[in-house]
Protein chains: 2
Amino acid sequence: MKIQELADRMGLSVHTIRYYEKEGLLDERHVERDQNNYRHYSDEAIERLTLVKRFQSVGCSLTELKQILLGLDTNTTTTQQGIEWVLSKIKEIERKKEEYDQVLATLNRMLEYKVALQNGPGKEHR
Amino acid sequence: MKIQELADRMGLSVHTIRYYEKEGLLDERHVERDQNNYRHYSDEAIERLTLVKRFQSVGCSLTELKQILLGLDTNTTTTQQGIEWVLSKIKEIERKKEEYDQVLATLNRMLEYKVALQNGPGKEHR
DNA sequence: GTAAACTATAGAGTAAACTCTAAGGCAAGC
DNA sequence: GCTTGCCTTAGAGTTTACTCTATAGTTTAC
């Protein structure tokens with residue numbers, strides 16, 4: 001598929017996709033060039049970008065993502081070191097999930113307060 | 001307490017704290033000025049910045065945070081509208097938590113793969 | 001066969017959230 | 001009393017992740 005189609009399917013702009021390629025998040029398994037020099041994307045590009053979006057949405061920078069993808073692609077970092085990296089990342093994500101729970105708690109308090117205000121104005125305090 | 005102490009306690013830089021104040025995330029309940037014009041922070045500043053960090057860590061922009069804090073501070077946005085905003089925010093956070101679970105799943109797959117490689121090299125495939 | 005729509009590149013511009021610098025005033029220790 | 005270190009402001013600089021522009025070639029539709 002060509003870049004515009006991929007962009008539409010992924011909900012990204014063509015600029016962003018080219019930018020990701022420049023940043024090394026896509027490689028020959030995902031993009032090739034037609035005779036006319038147009039980029040041609042494989043289905044693997046979809047998978048890759050889905051992964052990119054997913055990790056990005058939990059706060060990974062593109063630099064960090066490159067590390068992660070490298071870890072998925074090659075066995076180079078396989079060893080105690082690589083395992084420890086993944087473990088620390090897992091801990092980090094779990095901490096973040098706890099943060100989310102605390103934010104949810106705050107939002108729920110806000111909600112209850114607002115609902116109470118709406119239902120019984122004049123009794124706001126206590 | 002003075003700005004450096006607050007910064008140390010919160011794990012922020014003094015620059016960042018002044019920046020937050022300029023952006024309207026802190027007000028007279030959190031900062032006052034001594035005779036020498038030094039900023040003097042109340043304990044409420046700690047609570048406030050904790051909240052700021054918490055919401056920020058789940059992807060809220062400072063602009064959005066200002067809205068949230070306004071909603072906590074005043075009753076101005078209390079009405080159906082405000083309630084709906086909180087509800088939509090809660091949905092958003094819940095969606096994000098699901099993303100986190102997917103990322104955790106990916107990391108766990110990476111981990112298993114790496115552990116398997118380390119324990120039985122030569123049997124990487126299948 | 002030509003206009004509209006898509007592709008390419010290089011590079012400039014933007015927004016958010018810091019981060020740092022300069023130039024100066026205040027304060028605490030020796 | 002003076003050096004060292006923290007405080008002030010205004011404003012410049014940085015980083016990240018886009019986002020857009022200019023210029024030009026290609027493809028598709030009528």
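Chain A is the first sequence line, chain B the second, and so forth, proteins listed ahead of strands; every chain is numbered from 1. Only heavy atoms go into these numbers, but all of them, side chains included; no hydrogens, no water, no symmetry mates. Quantities reported herein were computed from a predicted structural model and do not represent experimental measurements.
The CD atom of B/E94 sits 10.0 Å away from the CG atom of A/L107 when rounded to the nearest 0.5 Å. Atom CG of A/L6 is separated from atom CD1 of A/I17 by 4.0 Å, given to the nearest 0.5 angstrom.
With DNA chain C read from its 5' end, the first of the two nearest nucleotides for B/Y20 and B/K2 is the one closest to B/Y20. The nearest heavy atom of DNA chain C to A/I3 and to B/H15 marks one nucleotide each, and the one closer to the 5' end goes with A/I3.
Each end of the helix from C/dG1-D/dC30 to C/dC30-D/dG1 yields a helix axis from five base pairs, and these two axes differ in direction by 10° (to the nearest 10 degrees).
Contact annotation for B/R39: backbone-only contact, meaning every heavy-atom pair under 4.0 Å involves sugar-phosphate atoms and none involves a base. Counting non-hydrogen atoms under 4.0 angstrom, A/Q56 reaches the backbone sugars and phosphates but no base.
With contacts defined as side-chain heavy-atom distances shorter than 4.5 Å, the pair A/V58/B/Q102 does not qualify.
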Evaluate the criterion salt bridge (Lys or Arg N to Asp or Glu O under 4.0 Å) for residue pair A/E92 and A/K89; output intermediate values, then yes/no.
-> CA-CA 5 Å; A/E92 190 186 314; A/K89 209 69 205 151; 3.0 Å; yes
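Atom OH in B/Y38 sits roughly 8 Å away from atom P in C/dA28 (whole-Å rounding). In this structure, A/L62 places its CG atom 4 Å from P of D/dA17, rounding to the nearest Å. Per the geometry, CG belonging to A/L12 stands 12 Å off C1' belonging to D/dA17, to the nearest Å. The distance between atom NZ of A/K22 and atom P of D/dC20, rounded to the nearest whole Å, is 15 Å. Taking atom CG of residue A/D34 and atom P of nucleotide D/dT26, one finds them 13 Å apart after rounding to whole Å. Separating the OH atom of A/Y19 from the P atom of D/dT15 is a distance of 13 Å, rounded to the nearest angstrom. For B/E21 and C/dA17, the CD to C1' distance is 17 Å, given to the nearest whole Å. One can place NE2 of A/H40 at 17 Å from C1' of D/dT26, the figure rounded to the nearest angstrom.
Side-chain atoms of A/T16 lie closest to D/dC18 of the nucleotides C/dC18, D/dT26, D/dC18. The listed nucleotides are D/dT8, D/dC18, C/dA8; the one nearest the side chain of A/N37 is C/dA8.
Summarising the local packing, CD of B/E5 is surrounded by more than 12 heavy atoms from other residues, nucleotides or ligands at distances under 6.0 Å.
In terms of phosphate contacts, A/R33 brings no side-chain nitrogen or oxygen within less than 4.0 Å of OP1 or OP2 of D/dT26. One finds no side-chain N or O of A/N36 lying less than 4.0 angstrom from the OP1 or OP2 phosphate oxygen of C/dA8. In terms of phosphate contacts, A/Q4 brings no side-chain nitrogen or oxygen within less than 4.0 Å of OP1 or OP2 of C/dA5.
Using modelled atom types, no side-chain atom of B/K96 and backbone atom of A/Y100 make a donor-acceptor pair closer than 3.5 Å.
No hydrogens or angles considered: a donor-acceptor pair under 3.5 Å links the side chains of A/D8 and A/Q4.
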